[in-house]
Number of protein chains: 2
Amino acid sequence: MKRRPTIMDVAARAGVSKSTVSLVLQGSPQVRAETRKSVETAMADLAYVYNRAAANLRSASVGLVGLVINDLRNPFFTEFATTLQMTLAGEGYATIIANADEDAALQEKLVGSMIEHGISALVISPAYGETGETFDQLARSGLPVLQVLRRVDARTDLFPFASFDYAAGSAEATRHLIARGARRIAFVGGLPGAPITHERKSGWCEVLTAGGLDRLALHGKSSRAFGLEAAETLIDSHPQVDAAVCFNDLVALGLMAGFARAGRPVGDAFRLVGFDDIEEAAQSWPQLSSVSCDIAGFARDTAARLLAWMTGGDRPARDLRSPVHLVARASSLGPAA
Amino acid sequence: MKRRPTIMDVAARAGVSKSTVSLVLQGSPQVRAETRKSVETAMADLAYVYNRAAANLRSASVGLVGLVINDLRNPFFTEFATTLQMTLAGEGYATIIANADEDAALQEKLVGSMIEHGISALVISPAYGETGETFDQLARSGLPVLQVLRRVDARTDLFPFASFDYAAGSAEATRHLIARGARRIAFVGGLPGAPITHERKSGWCEVLTAGGLDRLALHGKSSRAFGLEAAETLIDSHPQVDAAVCFNDLVALGLMAGFARAGRPVGDAFRLVGFDDIEEAAQSWPQLSSVSCDIAGFARDTAARLLAWMTGGDRPARDLRSPVHLVARASSLGPAA
DNA sequence: GATACCTTTTGGATCGTTCCAATTCCACCG
DNA sequence: CGGTGGAATTGGAACGATCCAAAAGGTATC
């Protein structure tokens with residue numbers, strides 16, 4: 001097995017110097033069209049493959065972006081990850097996607113590995129229980145780091161944060177439920193203590209307080225399984241509850257399945273609103289009302305902000321909130337008038 | 001901003017040579033414990049970070065594995081991807097996960113980019129419509145490449161293939177439906193012409209032919225949206241159909257939602273079996289019967305086979321099939337006796 | 001024909017590791 | 001006390017690109 005050709009081989013074949021080949025590789029405008037052509041032919045003939053490791057060693061930028069996601073199984077994050085990756089790919093960056101699986105220790109290892117591989121920037125939606133270790137590590141590395149969708153407190157000076165206006169969304173959802181006749185509105189899902197849980201709950205909380213209504217919150221993992229579980233709890237222990245705002249759509253869909261299982265389909269006596277508006281929300285039965293976050297658009301914006309920062313632009317704003325809006329579907333409308 | 005420390009800096013601080021530091025880095029047993037210790041202290045003091053690009057330049061192995069997935073939004077593949085990544089991470093390899101989104105052209109670009117980044121091996125579940133370009137590229141690179149879950153025809157001599165015994169699974173599902181009383185069993189989903197569609201359909205086809213029963217197949221994308229659409233088609237145009245085997249669980253869940261929407265809940269007059277047994281199958285209402293593939297186990301096996309191959313072992317078997325088994329749940333059982 | 005100027009091309013140094021052969025160290029032996 | 005051999009350490013040469021300053025080539029101006 002013979003070794004892969006290098007720019008030297010290409011240069012020899014094309015009858016130019018290695019520097020010229022390098023310029024061609026970088027798409028420099030200062031090489032004559034004719035020369036460029038012959039270099040390109042030589043590359044094709046030799047089946048040359050660019051060695052980024054070598055390039056990086058000298059120029060310190062690999063065109064690699066890291067993406068660490070707390071839970072890649074959640075379609076909301078999958079959508080974000082795939083869109084971000086495709087957008088960055090369009091700009092010539094490769095993305096290392098990693099799933100921390102809500103495990104702070106694993107997350108730390110993943111980030112360490114990415115730094116070693118010479119990523120030029122990192123986008124992270126931090127795992128619950130992040131202790132700060134990961135962020136210390138990142139701070140030392142001096143890399144551009146964007147926090148998205150979730151925040152670790154008090155570090156936004158170092159790592160700008162972007163997310164959605166969750167509080168406004170949950171307030172809107174709650175007001176909507178009240179307008180449709182609900183009076184005892186539970187909040188379901190979200191691990192207690194996590195900042196994002198607080199945000200998604202706060203709008204609900206404020207609206208209910210302002211209206212002098214009771215508050216009941218069932219906290220837990222943000223999964224379909226917890227939704228199923230919560231449905232049982234609600235039916236058995238809190239039969240008076242007539243609506244729920246869920247931490248996310250997975251919980252809401254689980255809750256919906258749980259109610260259906262118990263013979264009390266959602267949308268009639270029980271009204272439900274989810275969060276994230278994942279694709280499935282419009283495909284379930286009954287269709288799920290949800291606070292819609294334009295996650296694909298958000299991913300594209302994130303890519304743009306990151307690229308701007310990486311290529312010498314300023315650090316982006318510390319705390320950016322994208323607007324959300326409620327999409328009302330059958331699950332929250334209640335009995336036909 | 002001053003430059004990052006190198007092994008030379010570490011060596012100077014620890015009072016040894018760069019070669020010794022390199023040996024420590026590689027965990028060589030031939031360096032004295034005491035020396036190792038002082039080197040490690042120096043590294044910690046300087047907040048040294050290993051530069052893999054430089055290492056790779058010299059040694060030609062970055063510890064990077066590429067993973068290209070046709071559709072990362074499908075939970076079946078997400079599960080595979082995350083498990084594979086976590087397993088490889090345990091062995092010190094970083095994984096670049098990329099989503100080709102069923103787009104052969106994008107897939108080709110992604111693979112090209114990965115090769116440039118110096119991946120040591122690639123795992124790929126190819127996109128539909130793969131024309132062979134991608135595989136030519138890979139063949140030239142000489143990398144270990146494992147095809148999984150889907151196959152591009154006639155290349156298994158170059159790129160070993162591993163998957164599940166889909167045909168047996170669909171036969172089992174079909175026999176099960178017949179045993180429960182179904183007689184007109186449709187097959188729903190799967191793009192026509194794709195080898196995997198053929199496999200998942202063939203078991204159904206054989207069993208029906210053997211039993212002298214009618215066959216109706218509705219082909220389309222393997223998504224929830226197509227399932228919804230298919231439900232309408234079945235109800236409007238083929239009311240006599242009393243059961244379906246679906247290409248995958250997403251289609252089945254979409255179909256289920258479509259039937260529910262039309263006021264004809266699945267599980268009673270209409271029996272349904274999906275494929276993949278994703279987590280949601282056990283959480284839907286009614287619970288979805290599905291041909292279960294142990295995807296996490298498969299991902300771990302894949303990682304093991306790949307590591308063995310990469311580290312000098314033989315090329316794995318050309319065509320490996322893992323067994324599947326039917327998990328019967330409410331959606332296929334029919335009315336209680 | 002000499003000069004200036006712009007475009008295109010070039011050689012050599014450099015990036016931070018690993019690898020190899022060579023050297024030093026050290027304990028033990030005759 | 002010199003010799004021996006294994007363990008521990010070391011210096012220098014790669015690896016394959018980029019970057020930079022300088023050289024060569026070409027054109028227009030005087």
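Numbered from 1 within each chain, the chains take letters A, B, ... in sequence-line order.
- Between the B/Ser22 side chain and the B/Lys18 main chain, no donor and acceptor come within less than 3.5 Å of each other.
- At distances below 3.5 Å, not a single donor-acceptor pair connects side-chain atoms of A/Asp71 with backbone N or O atoms of A/Asp101.
- Listed by residue number, the members of residues 32-39 of chain B with any heavy atom below 4.0 angstrom from DNA chain D are B/Arg32, B/Thr35.
- Within 4.0 Å of A/Thr6, counting heavy atoms only, lie sugar-phosphate atoms of the nucleic acid but no base atom.
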Report, one line per pair, each donor and acceptor closer than 3.5 Å where one atom sits in a side chain of residues 35-44 of chain B; sequence neighbours left out.
residue	atom	partner	partner atom	Å
B/Arg36	NH2	B/Ser28	O	2.8
B/Ser38	OG	B/Thr35	O	3.1
B/Thr41	OG1	B/Lys37	O	2.8

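- The backbone N or O of B/Ala299 lies less than 3.5 Å from no partner atom in the side chain of B/Glu79, so there is not a single donor-acceptor pair.
- Judged as a salt bridge (Lys or Arg N to Asp or Glu O under 4.0 Å), and not counting sequence neighbours, the contacts of A/Asp9 are A/Arg3.
- The shortest side-chain heavy-atom distance between B/Leu84 and B/Leu67 falls under the 4.5 Å cut-off.
- For DNA chain C, the contact window with chain A, defined by any atom under 4.0 Å from a protein heavy atom, covers C/dT8 to C/dG16 in 5' to 3' order.
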Verdict with supporting geometry, B/Glu91 and B/Thr87, side chain to side chain donor-acceptor pair (under 3.5 Å): CA-CA 7 Å; B/Glu91 303 290 329; B/Thr87 310; over 6 Å; no

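- Looking at A/Gln107, its side chain never comes within 3.5 Å of a backbone N or O of A/Ala100 through a donor-acceptor pair.
- For DNA chain D, the span of nucleotides reached by chain A at under 4.0 Å from its heavy atoms goes, 5' to 3', from D/dG16 to D/dC19.
- By the 4.5 Å heavy-atom criterion applied to side chains, B/Pro160 and B/Leu320 are not counted as neighbours.
- Separating the CG atom in B/Leu110 from the CD1 atom in B/Ile69 is a distance of 11.5 Å, to the nearest 0.5 Å.
- Here B/Glu102 pairs with B/Arg150 in a salt bridge; the nearest charged N to carboxylate O distance falls below 4.0 Å.
- Contacts between residues 10-20 of chain A and DNA chain D, counted as heavy-atom distances below 4.0 Å, involve A/Lys18, A/Ser19.
- Between the side chain of B/Gln147 and the backbone N or O of B/Phe159, at least one donor-acceptor pair lies under 3.5 Å.
- Considering all non-hydrogen atoms of both residues, B/Pro144 and B/Ser120 come closest at CD-O, 3.3 Å.
- Comparing B/Ala54 and B/Gln30 along DNA chain D, the residue whose closest nucleotide (by nearest heavy atom) sits nearer the 5' end is B/Gln30.
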